[in-house]
Amino acid sequence: MTLTERTEQPAGTRRPALRLRGIRKAYGPVVACDAVDLTVHTGEIHGLLGENGAGKSTLMKILLGLVPRDDGLILHHGRPVAIASPHEAMALGLGMVHQHFSLIGPLTVWENVILGDSGRIDRAEACAQVETIGKRYGLPVDPTTRVDRLSAGERQRVELIKCLRRDPSVLILDEPTSVLTQAESAELFTVLRRLVQTEERAVILISHKLAEITTATDRVTVLRRGRVVFEARTRQTSPQELARQMVGREVSLRAEGAALGLGALPVDGPEGTAAAEPATAPDPAVPATPTTTSEPAALRLRDVTVTVGGITVLDQLNLDVRAGEIVGLYGVEGNGQATLGDLLCGLVVPAAGTVELAGAPVDLTRPGALHRAGLGIVPEDRHRSGVVLDMSVAENLAMKSLGDVSGRMLLSRRKMHAVAQRLAAEFNIVTPSMDTPVRSLSGGNQQRVVLAREMSANPAVLVAAQPTRGLDVGAIEDMYQRLNRAAADGVAVLLISTELEEVMALASRIAVISAGRITGVLPTREATAERLGMLVGGVTG
Amino acid sequence: ASNDATATPQPSGSAGGSAGTVPAGQPDVNGDGKVVIGVLSPGDINDKGYYQSFVDGAEAFASSKGWTVIKRGNVAVTDALNAARALCQQKVDMVALGASELKDAIPASEEAVCAKTAWYVPSSYNIEQTPKIVLSKDDPNQSILAAGYATGLLMQARGDTKAGFVTGAEADFSKASAAAFKAGIRMVLPNATVVNTFTGDFNDSAKAKEAVQAQMSQGVKAVYPYLGGATDAATAQANTGNLITLTPGTDRCASTSPKFDISVIFDPGQYFAAALQLFADGKLTMGVAKEWQLGVDQYPTIKICNGTAEQNAKLATLMSDIGSKKVDVAAEVKRLGS
Amino acid sequence: MSMSDNISTILASGIRLSLPLAFAACGEYLAERAGTLNISIEGMMLGAAFASIATASMTGSASVGLLAGAVVGLLIGVVHGNLSHRIEINTFVVGLVINALVLGLTSYLITISEFDTHQVAQVGIPVLRDIPIVGEALFVGRWPAFLILAIVPLTWWLVERSRWGLELRAVGENAQAADVTGIKVNKRRRQALMWCGVLAGLGGAYLAVGEVGSFNQNMTAGRGYLVIAAVIFGAWRLKRTLVGCALFGLADAMRLALPALGVTLNSQLLIVAPYLLALLTMLLFAAQHREPRSLGQPFERGTA
Amino acid sequence: MNGRQAADGTGRRILARLAPGPANWRVVGVTILAVAAALGLSALLIAVTGGSPVASVQALFQGSMADPTAWSSTLLFTAPLLLVALGVCVSARSGFFNLGQEGQVLIGAMAATWVALRLAIPGPVLLVVTFLVAALAAGAWAGLSSLMYRFRGVNVVVSTMLMTFLAQQLVAYMVTTPWLLQESRIGTGTVSPQSNKVPANALLGSVGEYPNLQLNAGLLLALATAVAVAVVLTRTRWGFRLKMVGLNPVTAESAGVRVAALGGFALAVSGALAGLAGAVLLTSPVGTNRLQAGISNNIGWDGLLVALVARNRPLVAIPVAVLFGVLRSGGGFLAATGVPPFLVDVVKALLVLAFVAPPVVMNLISRRSTGRAGRIVSTPARVPEEAVA
Ligand SMILES: Nc1ncnc2c1ncn2[C@@H]1O[C@H](COP(=O)(O)OP(=O)(O)OP(=O)(O)O)[C@@H](O)[C@H]1O
Ligand SMILES: Nc1ncnc2c1ncn2[C@@H]1O[C@H](COP(=O)(O)OP(=O)(O)OP(=O)(O)O)[C@@H](O)[C@H]1O
Ligand SMILES: [Mg+2]
Ligand SMILES: [Mg+2]
């Protein structure tokens, strides 16, 4: 890990590369940023922390000239600058690794990399640059391949290379690790550390993961509701402190702490979770982990094989989830979890194998069959397959059970609202009204909408894919409680996650997926970092 | 494109017509104190050809009488009925259709909105006489046959044997005309060959030109550009090869660029002017048809621009023979045209 | 008349009919690579055709007329660009309206004005023109015809090699991403439309002062749509697009020449052929046949 | 997933822009200004050409709204325009941008003609069959595009556009081929490229007589359809699902909607409605009751514009369709006053622009001012490779 690099930074002595003074940005009624001050020094990694919708991205977009600011001053090396366009930002040496929409698939790597600068094209030179930068920072990628042929990780590299090639004085990364494995993240941080130390750059790192912030940054600023609420040297603060500042209240950093990467593995991993369980599984009548049981598994995947474009993504995958237990499906990103999620969403049909609910196989070719058979799912990418952003909260809550909200032939607005009201209260979804488009809800609340809809059909099986990705502490806490309660109420819960601590904290059994196969299943108590590591590596245990 | 590409010269002829009625108060039929003539034309009323001549005829006459003319070109065939109604609402005293494709406007003459209007309709066989309209008929085959004959004479003089006929859409009337043209030539040169090319569009000059070009390269020495807006371009092309050329409907012997050798004059404007004269005198009777006979009436007629006395004489004889039915046009076309 | 002569005349005529398409196609190709399915190209060609003849008979110089055509094309491009890529009115609406406007105006203007015929000079390349069969077809023509020899490579270079073109392609493929990387998406699209206007203008003007020498109502007769078909047929690749134009031109040449050779065939079928071909190629070669991903999609910063 | 989505990105992106926007008084105000500007420009043109602007505007009004007669002709145009526009609304909901109305109208008219002339069905039944077949034929025609998209990924905007040209030539062929639909020959005369008139029992009846207001059954049909479409889209499960499909096919699919089928069907329905418009053109007094190559007479394109101005809201489409009807009848009348018909086309084009632009411009302005880029670019978990691939 990057612990070794977390050496002392005499950050005080450094001159500020960038000062933001009283930055304000309002989207109509929503104030995304409100009088934000931020100072970034060269030679330091500056963490930017905040709940969903705190205004982090907006602030960065302002910095990059992608969004015009309503008010405020930007000082670059002490000089006030009006950054009106991405070009100006670039000229000032501000580079950003975006999460979204910044690579063009059909173009080659080198074409993407030189996109945005000026002057005549020199292919050879561009390719050379890509390679040298790749070597220098350990980001290997072939400059002549088309980007849409690259994996998520590789694309991230291209993004970085693209930034670094411009030799930015300030480098901004918006939640860069959300798709990276821990190893990859670690590498990334090493690179970043080298950047700031040896090359006099400043880095702004946006993240939800306290662990990352605490390990990788020198300074940290916390945004809440668009305001700066806390600013400190990372060494002089604690995860608890940060979490509290972020959410604005005390948070129990037990399980959710784990999700934030605080459970220091492997030492007290199991115990930590063991301690967590009684607290979160209130009803002892239903044991969270039925050890032996005769009744058929609530969810059973039998030899499920899925091939996408020739490649076998799921390879004879077998998995059982029994009523009342939480099974964690752990694995590194890109080992088939996403496809498994799509499969259980009814989006892909397996080439072979069956999905059985309560012992009965489900015909996956029939849309909605899984839902009818009693499977609820919180998909990995809610925007893609969870909600319809431009439809109202009420509509999103009703969309899977239209029958319940319609009269003889027409839909009943009244019924729809009634249902929505109930669910909103029950799952405390924070929304101006039931007619608000889901788009304008914060990430956490969008997630709650999905969960509410799925739970409202009181399913026998609940699949939660990366349920806390992109959520803030408060939301995570809530999510965990609900998952545990569901299990306690006898729902079979399958938790698909790339966060080891999350799995350790919630699941009673951990199944490890690697290259589309289950390489092993073991009770959480027996799960040690070593064993899991081997399984993740594909070494069947 | 909003305008109707099938708009084309479509002269007409023969048959029908009984004693009709003279609308009261001609020429101010609707009695609003002024005389307004409304003209609807399916084609480009500036084509320097058929359609234009119709409008020009009307305007020339009307201005001499101090009447107003409302002219509207490029009336889509599907729009004819509404266009006519609109004219009637404009209180015109006469509705004149520029060509028989617009025959679908005729029902309006029965409608109350057009109660107080006289109707003038150039006709083809497919229009039946109704009490509210005056039909003006001529037989295109007469003119085209004679045109072919004239062409034949010129070819004979130059020792040519190959002619061409270039027109737009492959429609019934254009095929018929092609046949008549061929027959006419063969009356002079029994073993002359005639090539037909359909460009598909009466206004696509480039294609018309290429068609003529292609025919020239195949040794065609006389070409009839039976076209709309593309006539001039095609003729100009033919002039480069010094081919014998004919006009589609009007007298353009005076024109130098492009240059024509034969004017085929089945000038609807002339027919119309004559009808307007009757209208002015209050003698234009609805419900009857006026027939225009080659060789009998002043129009239609064929004119060899600078033909020898002999050629003119021969042509004159043919025309009068046609007029006196000594030459059975239909039969000739059947015999020589196919 | 020998077979080879026939072939050479048909070839020559085919090329003459293709050239206006080819000029315009280079423009449409570029516009579509940038993401605009530009249907106002018909209007561009028609407007330019008119302008060229009008100017020619005013100045007495066909070449000046050609220039004027290009300029008018450019103007229409500017208008379309600003309406659909600045004010952000749906580009198809703009296209339809512009076509209606141009058809109406030109048709009207010829009714109130009198133009004499003007045609640019014919040139032939000395030795080459004597090559049997192809010589006449390829190396003799109105001088602007030879501009195509410069415009095609230029267009290719612009799109495939220049930075501008790289940005155009980026914009056409993924406007959002292009925007984030600091490319002015709508500006690039407007520029693409201008270039398209210039070339479509040249095409229309060439038709008028190059081939025909005069203007008549709606003389482009749908050539603009033919060009769009050619780009589709060409799978948004320049080479194939030009092949498409040549094909369509030759098909017409055949249709017009064959009767003279004593052959007759169904005209309707030959008239639809281009569109049919375009559709079929899209159907059959769906795999290689990818249109620019954001073709026809308006760009608005922030829309995901 | 792409293959399984209903609408191709193009459609959805185009339509994202056409989503109902602020229809507030300011838009109305700006529209009035824009129209005034357009009229001003037109007036200038007319004046330059020696016409009288005032008289022209009067004519425009007189021919379209002044008296019952004028209204009658306006409403005759309204019916087909509205039907086409409704079709656009339906396909728009499903995320497809259908650019082929003109062709679908033609196909509808063609099928209708065939039925009316070839099937010896007695009485009003013929009329019913005519309309049904017209709808089916045009629906199938549009359906082809959705099939091409579904199985070969052919861009719908492109294919529907190309299909229009095919339709035009197909009809042209039909009416020039004697053994198909060309009119029958009387005696030895020549025949035009058009069909015979359809029999009386295939004609739509009207209520009211000149000079009073004359309402044709076609209009009633169109209005009824408008209400039906509005209800179906906003109040039924089918409409709800269609909306999901249009806004997010993936979610729709995981919610159990047969996305591809539903989307394709919606496109077919939009074609069918255009087909009905074709049938109306054939059987109502607006046309000449025979098939001609130009029978669609740009109704398809204008109908598309109607829907765009109405931002795909069926009920809003009603007044807009009337408006376009006004432009057509008024324009025809204007031409009859001696204003060169080409200028009339120009005036119409300018007015269309004047009606289309304002809502868009207002959106833009409000966006630019409040910075509401409309969409929030938040940061969801990224779609992993194997899912997008
Ligand atoms: N284009 C926009 N239009 C309207 N509101 C917006 C827009 N973009 C952001 N917002 C609002 O501004 C606030 C801040 O958004 P922002 O994306 O900066 O949050 P964030 O801190 O990046 O959240 P996350 O951690 O989920 O990325 C949120 O309430 C969001 O709803
Ligand atoms: N020397 C170069 N300089 C700049 N860009 C280049 C160079 N060589 C290739 N490219 C880029 O690589 C891509 C592929 O180039 P290539 O010439 O192979 O195109 P292609 O695949 O042959 O396409 P087409 O068949 O249309 O020519 C192009 O997008 C071009 O921008
Ligand atoms: Mg963010
Ligand atoms: Mg009078």
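Residue numbers start from 1 in every chain, and the chains themselves are labelled A, B, ... in the order their sequence lines are given, proteins ahead of strands. Just so you know, these numbers come straight off a predicted model, no measurement behind them. Hydrogens, waters and symmetry mates are skipped; everything else that's a heavy atom, side chains included, is used.
Between A:Pro106 and C:Glu173, the shortest heavy-atom contact is CG-OE1, 3.2 Å.
Within the model, atoms CG of C:Leu166 and CG of A:Leu115 stand 5.0 Å from one another, a figure rounded to the nearest 0.5 Å. Between A:Leu107 atom CG and C:Asn174 atom CG the span is 9.0 Å, to the nearest 0.5 Å. We find the CZ-CD distance between C:Arg163 and A:Glu111 to be 10.5 Å, quoted to the nearest 0.5 Å. How far OG1 of C:Thr181 is from CD1 of A:Ile104: 5.0 Å, rounded to the nearest 0.5 Å.
C:Arg161 is not listed as a side-chain neighbour of A:Arg120, based on a closest heavy-atom distance of 4.5 Å or more.
Of the listed residues (A:Ser85, A:Ser118, A:Gly116, A:Gly105), the one with the most heavy-atom contacts under 4.5 Å to chain C is A:Ser118.
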